[in-house]
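What you are looking at is a predicted structure, and each value in this text was computed from that prediction instead of being measured.
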Amino acid sequence: MSSDRPKFYITTAIDYPNSRPHIGTAFEKIGADAQARFRRMHGYDVHFLMGNDENTIKVDQRATELGLGPKAYVDDMALQFRQVWSDLNVSNDDFIQTSEPRHHDGCRKFIQAVYDAGYIFKKAYTGLYCNGCEAFKTEKELENGRCPNHQGQELKRIEEENYFFRLSAFGDRLLAHYRDNPDFIQPESRRNEVYNLVESGLQDVSITRKGFSWGIPVPFDPEQTIYVWFDALLNYITALGYGSDDETRFEKYWPADVHVIGKDITRFHCALWPAMLMAAGLPLPKSVYAHGFVYNKGQKMSKSAGTAIDPMTVYRTYGADPFRYYFLKECVFGGDGNFSEERFVELYNSDLANNLGNLYSRTLSMCVRYFGGNLEGSAAIDPVDWREGLDLDALAAELEGLVGTFEFSQALVTIWSRVLDTANRYVQNTEPFKLIKTDPDATKVVLANMADALRVVAILIKPFLPATAEIFYRAFNFEDAEPWSTVRYPSIARPPMNRPDWTVTAPLADGKPFPLFPKIQPPKES
RNA sequence: GGCGGCGUGGCUCAGUGGUAGAGCAGCGGUCUCAUAAUCCGCGUGUCGGGGGUUCGAUUCCCUCCGCCGCUACCA
């Protein structure tokens, strides 16, 4: 089973199970998924990890409120998260919960290794403790000298011995690493932020807490548990079996090729995490990609009008692909974006219904109507006509560059403008619906070209709209020429060798294909 | 406060030292295979305000206004 295929290990941030998945977290998973699917298509041995972050005090509190044990609570939440990701067609290979034994085992091994290396020390920590939050507060957080969330309570000055990680020892090494690996932090705009931060000097950080039962006990001092941030980052290696009896997967996939995270947690991933790995003597991830946030603009506006819709219900109504398309096209991955129902409908109708879905419909309809679905002799037709002016080799290469660097929006814009528009224009210019009256053979040539266009589109949208892509590919018997599982972007450049005559294999009703994206009536202005 | 970014037609954005561009929306036309889709045509926008450099700036510099990010422990 082992192969010489290059491996590609991609992760997303693990989520707090305090609340349900929202558009922000969905944005991250969808982007990572597009990348994972793209890499799989192109021969990488991909391992795609997601998970939930469960060793927090709040989880314990919330579970208690619900009258549940913390484990029962997080397991139930994990089930719900996994269901949403599955509904969105997110193709993660693994899902780790940090309450799992494999995570605990790995964390213990890791913290012990860092301890043995001399980067962990015990220090008395004095701080203002809020009973309401069960947490220490910094001076900055206070309002009127009290916790902003619990103004009725006095803060207690508590002195506690905690273990600290000697983060301060890694500043120079981190800076050197950023310099030697310019692609470590992406996108570019995040790079200076982190660099400035580290350059300004790092402080040692407390990495354990005393007196909590929910969490991972420190192996060299069982009265303490590992503080959530220190353990959370470790999911990227514990999920691979680090610290277990069998570390072959860890050895195979680590270091990660990219950690996909939100921009708010950049510093943890670009400073703390690499320092932790250095301390433990492990290789550093190759890159960290910090995506932007998606704001729920439409929600805010319509809330007062009483017509609020939860964007997370959109995929249930319109399907996962339109949902995915919206975020991948409308929101530049490295920057911030907005969700609004109005914009969703606009994009859905214009890009998906009018361009993509309609090309599918008109192609199949004419094939069925004029030739009973069988383009006899089409194997001998070289579909060069619709491609005139298109350099598909160059296009494939250009798109590979864009997708590989998370420029999904630009990639989709390019596919639509260069391929879909070209195909629709080709139909308009050749007018097969007129040609059929005078020259069936010429018409067949046009339709064979259109079939080829569908094949090309199917391949190009595969990482983004996996369900639609497959429907396109199954519209004709393309599978007989090249299996869907092995198509790659370069496959678009030329039709498969030894292809059969194309035959419509799409499901039909009354000789017509089903509308892939039924138009949505625009929401009424109020 | 410091560092960085942004402010371009209704919306989302691209762009260059030398007559301002795209997509969507809108308007008009066309075709009829198709989900009233496609295709063609249509935008006199002070390129945030002001100043400067220049033969000439939206593009370079300064300043002002507005918005945003980061500014080290709890996603």
Revision key, fill the gap. Contacts of E193(A) and D231(A) projected onto RNA chain B by closest heavy atom; the upstream (5') one is E193(A)
Check your understanding: For the residue pair W214(A) and V59(A), what are the closest heavy atoms and their distance?
Key -> NE1-CG1, 3.8 Å
Point to revise | Separation of rA22(B) P from K329(A) NZ (nearest whole Å) | key: 16 Å
Point to revise | N449(A) side-chain N/O to V445(A) backbone N/O, donor-acceptor pair under 3.5 Å | key: yes
Practice item. State whether a side-chain donor-acceptor pair under 3.5 Å links T468(A) with D321(A). Key: yes
Revision key, fill the gap. Taking for R190(A) and for L197(A) the nucleotide of RNA chain B with the nearest heavy atom, the one nearer the 5' end belongs to R190(A)
Practice item. Take atom CG of N192(A) and atom C1' of rU71(B), then tell me their distance rounded to the nearest Å. Key: 14 Å
Point to revise | Whole-Å gap separating P (rU12(B)) and CG (N349(A)) | key: 19 Å
Point to revise | Spacing of the P atoms in rU59(B) and rU46(B) (rounded, Å) | key: 15 Å
Exercise for review: Flag the pair R455(A) and D452(A) as a salt bridge only when some basic side-chain nitrogen lies within less than 4.0 angstrom of an acidic carboxylate oxygen.
Suggested key: yes
Practice item. May I ask you to decide if the ring planes of F184(A) and H177(A) are parallel, tilted or perpendicular, using 30° and 60° as cut-offs? Key: perpendicular
Review point. Are the side chain of Y73(A) and the backbone N or O of P17(A) linked by a donor-acceptor pair below 3.5 Å?
Key: yes
Exercise for review: Provide, to the nearest angstrom, the distance between the CZ atom belonging to F339(A) and the C1' atom belonging to rC11(B).
Suggested key: 16 Å
Point to revise | Pairwise C1' distance, rA14(B) and rC47(B) [rounded to whole Å] | key: 12 Å
Point to revise | Spacing of Q410(A) atom CD relative to rU12(B) atom C1', expressed in whole Å | key: 13 Å
Check your understanding: With Y348(A), which of Y325(A), Y326(A), Y318(A) fulfils ring-ring contact (aromatic ring centres under 6.0 Å, His included)?
Key -> Y318(A)
Check your understanding: Any side-chain donor paired with an acceptor under 3.5 Å for N424(A) and R362(A)?
Key -> yes
Practice item. Summarise protein proximity over nucleotides 31-38 of chain B in one line of letters, 5' to 3': B for base, S for sugar-phosphate only, - for none, counting protein heavy atoms closer than 4.0 Å. Key: SSBBB-SB
Revision key, fill the gap. Applying the Watson-Crick and G-U criteria (both distances under 3.5 angstrom) with [ ] for crossing and | for other-strand pairs, one obtains for RNA chain B (((((((..((((....[..)))).((((.........)))).....(((((..]....))))))))))))....
Point to revise | Separation of the C1' atoms in rC11(B) and rG45(B), to the nearest angstrom | key: 14 Å
Check your understanding: Between K210(A), K122(A), K123(A), which is the residue that forms a salt bridge (charged side-chain N to carboxylate O under 4.0 Å, His left out) with E161(A)?
Key -> K122(A)
Review point. In whole Å, what is the span from the CG atom of D351(A) to the P atom of rC11(B)?
Key: 19 Å
Review point. What nucleic acid atoms does E346(A) come within less than 4.0 Å of, heavy atoms only: base, sugar-phosphate, or nothing?
Key: sugar-phosphate
Review point. Taking T505(A) for the side chain and F476(A) for the main chain, is one N or O donor matched with an acceptor at less than 3.5 Å?
Key: yes
Point to revise | Integer angstrom distance from the C1' of rG26(B) to that of rC62(B) | key: 41 Å
Study note, to complete from the structure: Applying side chain to side chain contact (heavy atoms under 4.5 Å, CB included) to T430(A) and not counting sequence neighbours gives Y426(A), P432(A), V446(A)
Exercise for review: Check each residue of residues 265-276 of chain A for a non-hydrogen atom within less than 4.0 Å of any atom in RNA chain B, then write out the ones that pass by number, or none.
Suggested key: I265(A), R267(A)
**Study point:** Rounded distance in Å - CG (N55(A)) to P (rC73(B))
**Key:** 21 Å
Practice item. Determine the interatomic distance between C1' on rG29(B) and the same-named atom on rG21(B); round to the nearest Å. Key: 24 Å
Exercise for review: Go through the structure and list residues passing ring-ring contact (aromatic ring centres under 6.0 Å, His included) with H291(A), not counting sequence neighbours.
Suggested key: F27(A), F333(A)
Review point. Using atom C1' of each nucleotide, how far apart are rG17(B) and rU32(B) to the nearest Å?
Key: 49 Å
Exercise for review: Using the C1' atom as the reference point in each nucleotide, state the distance between rG9(B) and rG15(B) in Å, no decimals.
Suggested key: 15 Å
Exercise for review: Provide, to the nearest angstrom, the distance between the CG atom belonging to N338(A) and the C1' atom belonging to rC13(B).
Suggested key: 13 Å
Extract all donor-acceptor atom pairs below 3.5 Å that involve side chains of residues 190-198 of chain A and protein atoms in other chains or at least two apart in sequence.
residue: R190(A); atom: NH1; partner: E193(A); partner atom: OE1; Å: 3.2
residue: R190(A); atom: NH1; partner: E193(A); partner atom: OE2; Å: 2.9
residue: R191(A); atom: NH2; partner: Y178(A); partner atom: O; Å: 3.2
residue: Y195(A); atom: OH; partner: R179(A); partner atom: NH1; Å: 2.7
residue: N196(A); atom: ND2; partner: N192(A); partner atom: O; Å: 3.3

Point to revise | Distance between C1' atoms of rC13(B) and rG18(B) (Å, rounded) | key: 25 Å
